[in-house]
*Asks:* 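This structure is in structure tokens; I'll ask about it shortly.
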There are 2 protein chains.
Amino acid sequence: MDWITQVAERLRATGGRMTTQRRLILETLAQCTDHPTAEEIYQRARQRAPDLNLSTVYRTLRWLEDLGVVGTQRFEGERPQERFDPAVSAQPEHHHFRCRLCNTIIEFPAPLLEVLKQDFITHYGGTIESASLIFYGLCESCLQKVETYGPLSFNPNAITGPHERPSHSTGRAS
Amino acid sequence: MDWITQVAERLRATGGRMTTQRRLILETLAQCTDHPTAEEIYQRARQRAPDLNLSTVYRTLRWLEDLGVVGTQRFEGERPQERFDPAVSAQPEHHHFRCRLCNTIIEFPAPLLEVLKQDFITHYGGTIESASLIFYGLCESCLQKVETYGPLSFNPNAITGPHERPSHSTGRAS
DNA sequence: CCCATTATTGCAAATTATTTGCAATTAGTG
DNA sequence: CACTAATTGCAAATAATTTGCAATAATGGG
Ligand SMILES: [Mn+2]
Ligand SMILES: [Mn+2]
Ligand SMILES: [Zn+2]
Ligand SMILES: [Zn+2]
């Protein structure tokens, strides 16, 4: 039984219905190797069903989030938008490195984190149910480029557009 | 020389001006022991200067962010709003635990994280410039309560209001 | 296979967080 | 004290996400 059928069954079990849209979104997610935004998932899915609606994408994603089928991530320095992580079912506890220049994301396991969790609990008590660890820096390839060509002051892959926060302005004229 | 004067000097050094509003916001931040949102900082500061404007708060916070005087944090399960961290200058590398029930945040140092960073770099190369680690779970006191009274299905301290995401709804009637 | 029930969709409008343009104000400088 | 550029307040723009509702479609039973 494949992933989609599995999810579908969990859905049915709670009185939910498997619809064309949901199947499409699941198929789209299954093909992701990245951490797309709702909008990106919407655009990818829409290529096969142009009348799919963004609300449906959001609703489906929230539902999958509740089911633990997708995770959500927010990365610093980005527009305040949520990114979805279809990989959580495959690798339940993985963490993220994000390159400040090319925005590449590397997923990695961190078994050592358990020690940190234990450490915390010994000091402060309580329980830890989940953890989010994000490293920010330069990926190997960007590091090479910087070493070769000197520091880049700009982000070559930066998403541009209004409502960005490129380098701070208090309003003074340039 | 106190913290505010220090920040003020850094500001001057780049052609900035120290204004009443900025001083007020800095004083407000200096008194924070938590991780307030822009709105919260605005409300606290406004008690002393009712005509302070929220835009000014945002602009000042972004400026402080660039200076590395405040940090920003986003916690899972919250409204998608940014929280500001006035403690970064005092404790440059500290991390966060957030209680799922009472929303308490505990700050803690994690020197062991260096090992994890090294581990990562040995595997994938590149460099790590910063790291964000957040633990989610139950704080000691909530854990006690749960053990005594049984699991609470609701969050006693939850921020409520529209645009929340309380427990997922696909739109079906209840 | 068709019907009834009700979950789900598409659409448009609402919400909320954050940013921005601009004219009026003000800090810093001499 | 006057000048100039930085900053503010205000209102409006932007953008991500959610929601109400009528129309549509999935499921289960007859
Ligand atoms: Mn991932
Ligand atoms: Mn903190
Ligand atoms: Zn890179
Ligand atoms: Zn607690």
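Proteins come first, then strands; the chains are lettered A, B, ... in the order of their sequence lines, and each starts at number 1.
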*Asks:* Test salt bridge (charged side-chain N to carboxylate O under 4.0 Å, His left out) on E39(A) and R79(A) and set out the steps.
*Replies:* CA-CA 13 Å; E39(A) 179 72 32; R79(A) 316 247 284 269; over 6 Å; no

*Asks:* Expressed as a whole number of angstroms, how long is the span from R59(A):CZ to dC11(C):C1'?
*Replies:* 10 Å

*Asks:* Please determine whether a side-chain nitrogen or oxygen atom of Y58(A) lies at a distance below 4.0 Å from atom OP1 or OP2 of dT18(D).
*Replies:* no

*Asks:* Is there a side-chain contact between R12(B) and the phosphate of dG28(C), meaning an N or O under 4.0 Å from OP1 or OP2?
*Replies:* yes

*Asks:* Measure CG/L11(B) against P/dA27(C) and give the value in whole Å, please.
*Replies:* 13 Å

*Asks:* Side chains of I105(A) and Q73(A), heavy atoms from C-beta outward: is any pair under 4.5 Å?
*Replies:* no

*Asks:* Show the distances under 3.5 angstrom between N or O atoms of the protein and N or O atoms of nucleotides 23-25 of chain D.
*Replies:*
none

*Asks:* Is the shortest side-chain N to carboxylate O distance from E82(A) to R62(A) below 4.0 Å?
*Replies:* yes

*Asks:* For dT8(C) and R22(A) - does any side-chain N or O of the residue sit under 4.0 Å from the phosphate oxygens OP1/OP2?
*Replies:* yes

*Asks:* Provide, to the nearest angstrom, the distance between the CG atom belonging to L64(A) and the C1' atom belonging to dT8(C).
*Replies:* 14 Å

*Asks:* Output the rounded distance in Å from CZ (R23(A)) to C1' (dA26(D)).
*Replies:* 10 Å

*Asks:* L61(B) CG to dT18(C) P: how many Å, rounded?
*Replies:* 10 Å

*Asks:* Please work out which of the three classes, parallel, tilted or perpendicular, describes the rings of F75(B) and H35(B), given edges at 30° and 60°.
*Replies:* perpendicular

*Asks:* Output the residues of residues 43-57 of chain B in contact with DNA chain D, where contact means a heavy atom of the residue under 4.0 Å from an atom of the strand; sort by number or write none.
*Replies:* D51(B), L52(B), N53(B), S55(B), T56(B)

*Asks:* Nearest nucleotide by nearest heavy atom, which residue falls closer to the 5' end of DNA chain C, M18(B) or A38(B)?
*Replies:* A38(B)

*Asks:* May I ask you to decide whether E76(B) forms a salt bridge with R98(B), counting only side-chain N to carboxylate O separations under 4.0 Å?
*Replies:* no

*Asks:* At less than 4.0 Å, is any side-chain N or O atom of R79(B) found next to OP1 or OP2 of dA17(C)? Yes or no.
*Replies:* yes

*Asks:* Are the aromatic rings of Y124(A) and F97(B) close, with centres under 6.0 Å apart?
*Replies:* no

*Asks:* Between dT19(D), dG28(C), dT18(D), which nucleotide gets closest to the side-chain atoms of R62(A)?
*Replies:* dT18(D)

*Asks:* Between atom CH2 in W63(B) and atom C1' in dT20(C), what is the gap in whole Å?
*Replies:* 20 Å

*Asks:* Taking atom CG of D85(B) and atom CG of L29(B), what is their separation to the nearest 0.5 Å?
*Replies:* 10.0 Å

*Asks:* Say whether, by atom type as modelled, one donor and one acceptor occur between the side chain of Y42(B) and the main chain of V57(B) under 3.5 angstrom.
*Replies:* no

*Asks:* What's the spacing between E114(A) CD and I128(A) CD1 if we round to 0.5 Å?
*Replies:* 8.5 Å

*Asks:* Could you state the CD-P distance from E65(B) to dT18(C), rounded to the nearest angstrom?
*Replies:* 11 Å

*Asks:* What is the separation between atom CD on E39(B) and atom C1' on dT19(C), rounded to the nearest whole Å?
*Replies:* 15 Å

